[in-house]
Amino acid sequence: FGDIDFGPDAMRNANEIERRFFDFHVKGIANGLDKESPVEIFYMGANKWRKEADWPIPGAKETLVYLTGGKGLSMTKPAAEGSDQYIADPANPVPTLGGNNCCGTPTLAGPKDQRPIESRADVLSYTSEAMTTPLAIAGPVAMKLRASTDGPDTDWMVKLVDVAPDGFAMPIAEGILRARFREGLDKPKLLEPNRVYEFTVDMVGTANVFLPGHKIRVDIMSSNFPQFSVNPNTGEPLGSATRTRKALNKVFHGSAIVLPVVKVP
């Protein structure tokens, strides 16, 4: 799928799973479904399925991984608060490359190598040291992003990436927030230029094992087109903007991605 072969055991027959569900609940066929675990998760990296009692997984430990100076990631919050910045230009958006919910085409969807876009000046990449022991995550993922922009609105797009020893950068979770909706879709509110806010970017969820030699990476940008519409950065009403502007966007160290750490399968 995408650029990755997850092995011969990865595939599941969704029709068969659904048929057994309806056979049990609608037809009353005693097929043992009620005796099975209700959740089955595929862990990328380990390329294994594991049955669980619930989702999110009971006992998962929310672990903060912080952005640090030098474009690093650390389990320890940095003492000094610096920042990194980039220009978000609506006329030259970051193109969609991989992801879990765009378009269903081989050229756009799935675990595509992120290096072609990570080399752009409008993408910030923060990378950990190589893992010495396996680290498994499974469950909801979110980014607690401390950031600012010099205008009334912008987008924050965040990707969680598993970097292999050969450099292949596999996206495993992603999320986007239009800043004006930081308090909810029903409460749009434009930004005060250059004010530092803490945004929560919902990255939905994932299941992955970062193997020894692999690195954790967080990519931050302000567009992902055509998967998401481009923000003109002007604050004009959605769908009726008549102009665009370049935005100077800053990301502050001490921002953290929240990872649901679980037992290695």
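These numbers come from the heavy atoms of this one structure, side chains and all, not from hydrogens, waters or symmetry mates. The model shown is predicted, which means the values in this text are computed figures rather than measured ones.
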Criterion side-chain hydrogen bond (donor to acceptor under 3.5 Å, both in side chains) on Thr242 and Glu236, from CA distance to verdict: CA-CA 8 Å; Thr242 59; Glu236 294 174 88; 3.3 Å; yes

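- Residues Ala173 and Gly205 approach most closely at CB-O, 4.4 Å, considering heavy atoms.
- Pairing each heavy atom of Phe168 with each of Asp166, the nearest pair is N-OD1, 3.0 Å.
- Inter-residue side-chain proximity for Leu145 and Val251 is flagged as met; some heavy-atom pair is nearer than 4.5 Å.
- Ser223 contributes no side-chain N or O that, together with a main-chain N or O of Val230, makes up a donor-acceptor pair within less than 3.5 Å.
- Atom OG of residue Ser74 and atom CG of residue Leu64 lie 11.0 Å apart, to the nearest 0.5 angstrom.
- With respect to Tyr126, the side chain to side chain contact (heavy atoms under 4.5 Å, CB included) criterion is satisfied by exactly one of Ile220, Thr68, Ile257: Ile220.
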Taking only distance into account, with no hydrogens and no angle test, what donor-acceptor pairs under 3.5 Å do side-chain atoms of residues 192-202 form with protein atoms, sequence neighbours excluded?
{"residue": "Tyr197", "atom": "OH", "partner": "Glu192", "partner atom": "N", "Å": "2.8"}
{"residue": "Thr200", "atom": "OG1", "partner": "Lys144", "partner atom": "NZ", "Å": "3.2"}
{"residue": "Asp202", "atom": "OD1", "partner": "Val204", "partner atom": "N", "Å": "2.8"}

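- Residues Tyr43 and Val264 have side chains not in contact (no heavy-atom distance under 4.5 Å, counting atoms from C-beta outward).
- Pairing each heavy atom of Gln114 with each of Pro171, the nearest pair is NE2-CG, 3.6 Å.
- Considering every non-hydrogen atom in both Arg182 and Leu190, the closest pair reads NH2-O, 3.4 Å.
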How far apart are the C-alpha atoms of Ile137 and Ile172, what are their side-chain angles, what is the distance that settles it, and do they pass the side chain to side chain contact (heavy atoms under 4.5 Å, CB included) test? CA-CA 11 Å; Ile137 62 172; Ile172 60 173; 4.3 Å; yes

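- A donor-acceptor contact shorter than 3.5 Å is absent between the side chain of Trp55 and the backbone of Pro38.
- Remark: Ile176 CD1 to Lys159 NZ distance equals 10.0 Å, nearest 0.5 Å.
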Working note: Leu191 + Thr149, criterion side chain to side chain contact (heavy atoms under 4.5 Å, CB included); need CA distance, chi angles, decisive distance, verdict. CA-CA 8 Å; Leu191 301 172; Thr149 185; 3.5 Å; yes

Check the pair Asp113 / Met170 against side chain to side chain contact (heavy atoms under 4.5 Å, CB included), numbers first and verdict last. CA-CA 5 Å; Asp113 191 350; Met170 180 178 75; over 6 Å; no

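- For the pair Ser125 and Val218, the minimum side-chain heavy-atom distance is 4.5 Å or more.
- The environment of Glu16 atom CD is dense: over 12 non-hydrogen atoms of other residues, nucleotides or ligands sit within 6.0 angstrom.
- Atom-to-atom distance recorded for Met75:CE and Thr63:OG1 is 6.0 Å, nearest 0.5 angstrom.
- In this structure, Glu118 does not pair ionically with Arg115, as no charged nitrogen and carboxylate oxygen lie closer than 4.0 Å.
- The closest side-chain heavy-atom distance from Phe252 to Lys250 is below 4.5 Å.
- In this structure, Lys215 and Thr127 have side chains that are in contact, with non-hydrogen atoms separated by less than 4.5 Å.
- Side-chain contact between Met221 and Arg120 is absent, with no heavy atoms from C-beta onward closer than 4.5 Å.
- Cluster annotation: Val258 and Phe210 are assigned to distinct hydrophobic clusters (Ile/Leu/Val/Met/Phe/Trp/Tyr, side-chain heavy-atom contacts under 4.5 Å, transitive).
- Put simply, CG on Leu97 and NZ on Lys112 are 7.0 Å apart, with the number rounded to the nearest 0.5 Å.
- In this structure the side chain of Leu211 never reaches within 4.5 angstrom of the side chain of Asp162, judged on heavy atoms.
- The nearest pair of heavy atoms linking Tyr66 to Pro78 is CB-CD, 3.8 Å.
- In this model, a donor atom of one side chain and an acceptor atom of the other lie less than 3.5 Å apart for Asn231 and Asp153.
- Note on Glu18 versus Arg20: no salt bridge recorded, every NZ/NE/NH1/NH2 to OD/OE distance being 4.0 Å or above.
- With respect to the salt-bridge test (charged N to carboxylate O, under 4.0 angstrom), the residues Lys189 and Glu183 qualify.
- Grouping the Ile, Leu, Val, Met, Phe, Trp and Tyr side chains by contacts below 4.5 angstrom, directly or via other members, places Ile4 with Leu160.
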Between Asp23 and Asn31, does a side-chain hydrogen bond (donor to acceptor under 3.5 Å, both in side chains) hold up when you go through it step by step? CA-CA 8 Å; Asp23 279 351; Asn31 56 17; 4.9 Å; no

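- For the pair Asp150 and Arg245, the salt-bridge criterion is met [side-chain N within less than 4.0 Å of a carboxylate O].
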Would Phe24 and Asp34 satisfy side chain to side chain contact (heavy atoms under 4.5 Å, CB included), going step by step from the backbone distance to the final call? CA-CA 8 Å; Phe24 179 83; Asp34 56 324; 3.4 Å; yes

Take Thr154 and Asn233 through the test side-chain hydrogen bond (donor to acceptor under 3.5 Å, both in side chains) and record every step on the way to the result. CA-CA 5 Å; Thr154 196; Asn233 299 325; 3.2 Å; yes

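- Inter-residue side-chain proximity for Glu62 and Leu259 is flagged as unmet; no heavy-atom pair is nearer than 4.5 Å.
- Side-chain N/O atoms of Ser222 and Tyr86 include a donor and acceptor closer than 3.5 Å.
- Taking CZ of Phe42 as the reference point, atom CG of Asn208 lies at 10.0 Å (rounded to 0.5 Å).
- Between Ser148 and Trp156, the shortest heavy-atom distance links the atoms O-CH2, 3.6 Å.
- One hydrophobic cluster, built from ILVMFWY side chains closer than 4.5 Å, cannot hold both Leu73 and Val161; they sit in different ones.
- For Glu40, the CD atom counts as densely surrounded, since its 6.0 Å shell holds more than 12 non-hydrogen atoms of other residues, nucleotides or ligands.
- Between Phe225 atom CZ and Met157 atom CE the span is 14.0 Å, to the nearest 0.5 Å.
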